[in-house]
Amino acid sequence: MDARRRPGKTGPLWPGDDGSLGIYVHVPYCASLCGYCDFHRTVSPGGVPAGYEDRVLLEARLHHRDSVREVDTIYFGGGTPSLLPVRRLAALLDGLRRLFRVADGAETTLEANPETVTSASIDGWQQAGVNRLSLGVQSFQPGVLELLQRRATAGQALEAVVAAARAGFERLSVDLMAGVPGQSLKGLEEDLRRASDLPVDHISVYALDLHPGTPLAQRAERGEVLLPGDDLCARMLDRTHEVLTREGWGHYEISNFARRGGECRHNLKYWRGGEYVGLGPSSWSRIRGRLLGNPRDDVAWTKALEAGLPPWETEIVLTPERLLEDRLIFGLRLAEGVPLAEVQGLFAGTEYRLAHLLGRLSDQGLAELHGDRLRLTPKGFLVSTTVIAELLSVRPGEAAQGGGEGFPGVPSGKPGAVSSVRGNGPVRAPKGSRS
Ligand code: SF4
């Protein structure tokens, strides 16, 4: 494959790139902090600081000449982007439409916390052009919500979904969490059934991954809360797949389920290797063969923009090998998997070792060849990080590992065993923020 940029070409440049562009806007402000949160965010009781949207547009101007691609997805993530007053959100969207060629009907998603959803905000979001809401519900169990320090009650979450659906939102997603201290398998099943019965077309289920330094991690260290063990966590994720697929949901990505056509097109760009511009502190862009990373520092981001400088502090040129690696790492998160032919370039000279490993993963029920595509099975989703690390370890130049045991992340003597479900497969979907 010739993965070099062809001068003058604006269509697809890489495998998995469909020639379109996504825009991610990070709004890193929250009314209060949830105990488990490790995203880039700041408590801002007064809401989103004045002028934030103007700074986002300053950054957008740095990118708009860089791509003449049609923008078919815009995603506001956070933080709590639904704290941005609708008038300012509308101005920001108008500004983006002036700078980029935004397609009519582009998927435009707003992450919203249920307590911020009112009939007035729903109306304003619709008028601004938001056509998809992603609601951070996390659970319908009061005890779980309290432990996570969420602001919204289960009742508010249900009301928010119903109000948005009644107002005409056809694209609605809810986030749930599994593996929370004190959460039972039965409680999770109730959450899943409740979410499944709602008028939504997308459900995300993330395993709680405790990050050092967060209040919940500190409570766990002090022994005040007990995390469910790996076995229970694995059973929860397994049951999630069972319950939702039985209810007709497609398990299209490790942590994501959709009704037909309800897949998040914006997030698919990350997993398929598309191009996107990320705006705001901590955001990442993947554009014209480069990854650009903004600082996780609002002051540094603001200062750079006000000085007329690009705010990104990291720039990585995507070599052909890196592109293929990303294709494998992100593509295998999807049920559709990756075309084997596209990644074979990574394994030139080690085809025998690759075939041997694929045979073993297939025997273990973790991966399979489906037509001309390589994909993980639902069981493989649970240990995706381990499986992908094993695959990458058989590339040329990587030390031979003897085929079955001793691969990174695999406990000796238990090839392919679940070393830890947390932080393995079902962690947060990649955001433009990669926060
Ligand atoms: S989980 Fe969401 S709402 Fe809670 S502090 Fe983090 S970004 Fe804010």
Side-chain angles (χ1 to χ4, degrees), residues 24-49 52 56 75-85 89 109-118 121 125 132-154 156-157 160-161 173-181 183 191 202-220 225 255-256 264 266-267 278-284 294-298 301 422-423 426-435:
Y24 174 83
V25 180
H26 193 61
V27 185
Y29 303 101
C30 296
S32 60
L33 295 189
C34 306
Y36 58 96
C37 179
D38 187 44
F39 293 148
H40 175 69
R41 77 285 176 268
T42 308
V43 184
S44 180
V48 180
Y52 182 73
V56 168
Y75 193 106
F76 292 90
T80 310
S82 54
L83 286 179
L84 193 60
L89 178 75
T109 303
L110 179 78
E111 287 183 357
N113 279 355
E115 71 276 10
T116 63
V117 178
T118 63
S121 63
W125 294 333
R132 184 173 183 273
L133 290 181
S134 175
L135 292 151
V137 173
Q138 315 313 347
S139 176
F140 297 104
Q141 315 286 324
V144 172
L145 290 171
E146 192 181 332
L147 185 124
L148 294 173
Q149 295 178 270
R150 299 291 298 177
R151 287 173 77 84
T153 63
Q156 282 175 306
V161 173
S173 177
V174 293
D175 283 4
L176 296 176
M177 292 186 89
V180 178
Q183 185 183 37
D191 280 351
H202 193 276
I203 300 175
S204 302
V205 184
Y206 300 108
L208 175 67
D209 200 15
L210 276 192
H211 297 277
T214 56
L216 192 55
Q218 287 165 351
R219 289 187 67 194
V225 294
S255 312
N256 290 285
C264 177
H266 183 81
N267 284 344
L279 307 171
S282 81
S283 297
W284 284 83
N294 283 352
R296 281 174 69 107
D297 178 339
D298 300 7
W301 176 79
R422 295 176 197 284
V427 293
R428 290 247 159 219
K431 287 182 171 190
S433 68
R434 298 194 173 201
S435 58

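For ligands, and for the atoms within them, numbers begin at 1 and follow the listed sequence.
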Assess the side chains of Y206 and Q138: does a donor N or O sit below 3.5 Å from an acceptor N or O?
-> no
Heavy-atom contact under 4.0 Å between R150 and ligand 1?
-> yes
Under 4.0 angstrom from ligand 1, any heavy atom of S32?
-> yes
Counting no waters, what protein N/O/S atoms lie under 2.8 Å from atom 6 (Fe) of ligand 1?
-> C37 SG
Test item: R151 and T116 side chains (from C-beta on) under 4.5 Å apart, heavy atoms = no
If the plane angle is over 60° it's perpendicular, under 30° parallel, otherwise tilted; pick one for W301 and Y52.
-> tilted
H26 (side chain) donor-acceptor with H40 (main chain) under 3.5 angstrom | yes
Heavy atoms only: give me the nearest A31-L83 pair and the separation to one decimal.
-> N-CD1, 3.8 Å
Can any side-chain N or O of D191 pair as donor or acceptor with the backbone N or O of F140 at less than 3.5 Å?
-> yes
W125 side chain reached by S82 side chain, heavy atoms, under 4.5 Å = yes
By number and element, which atoms of ligand 1 are closer than 4.0 Å to a non-hydrogen atom of N113?
-> 3 (S)
